[in-house]
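Here the structure is laid out as structure tokens; the discussion comes afterwards.
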Amino acid sequence: MQFSWNAVVKAVESKVEKAIFARFFEGEDLLEAVASTATHNGVDSGFFFLIGTLKNAALGYYEKGKYLPVEKTGPLEIVSCMGNVSTKEKNELVVHAHIVVSDRNSNVFGGHVLPGCTIDATAELMLVRVEKGVLRREFDAERNLYLWSLKE
Amino acid sequence: MQFSWNAVVKAVESKVEKAIFARFFEGEDLLEAVASTATHNGVDSGFFFLIGTLKNAALGYYEKGKYLPVEKTGPLEIVSCMGNVSTKEKNELVVHAHIVVSDRNSNVFGGHVLPGCTIDATAELMLVRVEKGVLRREFDAERNLYLWSLKE
Amino acid sequence: MQFSWNAVVKAVESKVEKAIFARFFEGEDLLEAVASTATHNGVDSGFFFLIGTLKNAALGYYEKGKYLPVEKTGPLEIVSCMGNVSTKEKNELVVHAHIVVSDRNSNVFGGHVLPGCTIDATAELMLVRVEKGVLRREFDAERNLYLWSLKE
């Protein structure tokens, strides 16, 4: 495999500060629970992983500036969930995550995590905190999305 | 997206100590190989990721206090595997992982990793060790599961 | 769950040096963009995660010494992507990654990332750099693959 090395990327580096582990409880909203953990542990920039179970899933698919929602009724296993924590204007926290869930036949579904992913029996969060202010987002009018700005 | 910040989570922080990388061999059991790596590298608390291939997969779906098994015959790609290492009573090691596998048509299946996921050609483990004793589990009689206790 | 602890694994440890975050742009090749980020940030050994969107996906399935390709036309969500950066002979960089993508109905597909996974709106990379030289690959003639050698 040959790489051209020509890709234009925008990158920033940060010290890894801490690993934070949290257990979520039945009935909590996945995005809210991640945001709450981040806030209570001083994380405005970081990345995370989550496994557990959901009562139901709200999965997004990005198209023409918005997320089309797909609802899945559970219980479902969260077989993969990964994402990051950053801030946008006025230091408002943004939790961006993608998820894969599976049903009792091991069939899987996936998408962007929307509000409405409700924790079932439990969920285990592994959140890595990096330096404050490293991950910031700016509004991209063309895409109607807040994208990483990554200014060093 | 507005967060209520009200979610009640239980969280602990830890220093990230080391990254441990391991290669697994054909015929090994995925969970045993992770546990063996953890033991030989002094990890009783940490989180990990794994990619590689499986001869066959044993996938669990949690329902009413037990895991319903689904068996999938391979070879299969391990397209995602994430989990954590912790201890329960008597310092017995617990490896908790969820997995997504794909077949030759790129169709995917997922679930909780049960004993019986057998490595095929190879697998590459990335394990992050945190401080000893950070991740402990206690038995939850209602759910018949060992859940994170996370006492600071 | 009882572990036999007998699995023979090959493992190495490394300090975690830095977390590197990068944003990829429309039209870039996923593997090239990861390699480019690694090169520009001094990473010859590390592991990474990525979420975002693809215009189309090139997914591999390993069989008898080669990767059978499956092409999927997007746009697709990258619901999971994890992998590692290492070097082989002559210090040539190797990016090894597995991916799961989803379509507008939340159906998912997965495999080994081949050249030809083209970024759509954006992608967010979280790359962890470890010490130089930790992850090296050697050619395995039987499998026709470069596998981790992990010599301490």
Side-chain angles (χ1 to χ4, degrees), chain A residues 16-43 49-53 75-82 92-96 100-110 114-115 119-129, chain B residues 1-17 45-49 57 59-63 65 67-72 79-84 86 96-102 107-113 128-131 134-135 140 142-143 145 147-150:
Chain A
V16 169
E17 294 197 338
K18 291 279 184 181
I20 294 154
F21 301 91
R23 174 183 157 199
F24 296 165
F25 291 89
E26 187 176 341
E28 293 180 350
D29 181 81
L30 195 160
L31 290 173
E32 279 188 28
V34 174
S36 183
T37 308
T39 303
H40 287 104
N41 289 275
V43 184
F49 309 93
L50 188 100
I51 58 175
T53 55
L76 298 156
E77 297 282 329
I78 303 168
V79 282
S80 167
C81 182
M82 60 175 68
E92 193 186 344
L93 208 67
V94 178
V95 177
H96 181 207
V100 186
V101 295
S102 66
D103 67 16
R104 56 183 296 145
N105 301 311
S106 82
N107 293 318
V108 296
F109 308 95
L114 294 173
I119 304 300
D120 195 6
T122 191
E124 296 170 356
L125 175 74
M126 300 154 275
L127 168 62
V128 176
R129 184 173 76 212
Chain B
M1 183 168 45
Q2 283 293 318
F3 291 113
S4 66
W5 316 107
N6 292 324
V8 180
V9 297
K10 239 173 146 173
V12 291
E13 271 191 32
S14 175
K15 188 166 167 282
V16 170
E17 294 196 339
S45 301
F47 56 102
F48 66 89
F49 309 93
L59 308 170
Y61 174 81
Y62 177 79
E63 193 174 70
Y67 285 102
L68 308 179
V70 174
E71 306 276 336
K72 291 286 170 185
V79 281
S80 167
C81 182
M82 60 174 69
N84 54 71
S86 59
H96 182 206
H98 284 195
I99 194 168
V100 186
V101 296
S102 65
N107 293 318
V108 296
F109 308 95
H112 172 96
V113 179
V128 176
R129 184 172 77 211
V130 301
E131 295 165 82
V134 164
L135 293 178
D140 178 295
E142 189 197 340
R143 303 194 184 282
L145 288 174
L147 301 177
W148 279 0
S149 50
L150 307 183

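So you know, we letter chains A, B, ... as the sequences are listed, proteins then strands, and number each from 1.
- Proximity to chain B (any heavy atom under 4.5 Å) is restricted, for A:Val128, to the side chain, taken from C-beta onward.
- Taking chain B as the reference chain and counting heavy-atom pairs below 4.5 Å, the highest number among A:Ile20, A:Asn107, A:Ile51, A:Val108 is found for A:Ile51.
- Contacts of B:Ser80 with chain A are made by side-chain atoms alone, with heavy-atom separations under 4.5 Å and no backbone atom involved.
- Two residues are said to be in side-chain contact when any heavy atoms from C-beta on lie closer than 4.5 Å; A:Glu26 and A:Asp120 meet this criterion.
- Looking at A:Thr37 and A:Phe24, their side chains come closer than 4.5 Å, going by heavy atoms from C-beta outward.
- B:Val101 does not touch chain A: none of its heavy atoms, backbone or side chain, sits under 4.5 Å away.
- Only the side chain of B:Leu59 comes within less than 4.5 Å of a heavy atom in chain A; its backbone stays farther off.
- For A:Leu125, the part lying near chain B is the backbone, with the side chain staying farther off; criterion is any non-hydrogen pair under 4.5 Å.
- B:Tyr61 and A:Ser102 get closest at one heavy-atom pair: CE1-O, 4.1 Å.
- Ranked by heavy-atom pairs under 4.5 Å with chain A, the list B:Lys15, B:Lys72, B:Glu63 is led by B:Glu63.
- When heavy atoms are compared at a cutoff of 4.5 Å, B:Val100 approaches chain A solely by way of its side chain, counted from C-beta outward.
- Looking at B:Glu142, neither its backbone nor its side chain comes within 4.5 Å of chain A, counting heavy atoms on both sides.
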(request) Kindly determine whether A:Asp103 and A:Phe109 satisfy side-chain contact (heavy atoms from CB on, under 4.5 Å), including the steps that lead there. (result) CA-CA 9 Å; A:Asp103 67 16; A:Phe109 308 95; 4.0 Å; yes
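- With hydrogens and angles disregarded, a donor-acceptor distance shorter than 3.5 Å links the side chain of A:Arg129 to the backbone of A:Asn41.
- Between chain B and the options A:Lys18, A:Glu124, A:Glu17, the largest number of non-hydrogen pairs under 4.5 Å is found for A:Glu124.
- In this structure, the portion of B:Ala97 lying under 4.5 Å from any heavy atom of chain A is its backbone and not its side chain.
- Under the 3.5 Å distance criterion, the side-chain polar atoms of B:Tyr62 are left unmatched by any main-chain donor or acceptor of B:His112.
- Checking side-chain atoms of A:Glu77 against main-chain N and O of B:Gly111 turns up no donor-acceptor pair under 3.5 Å.
- The closest side-chain heavy-atom distance from B:Leu150 to B:Val134 is not below 4.5 Å.
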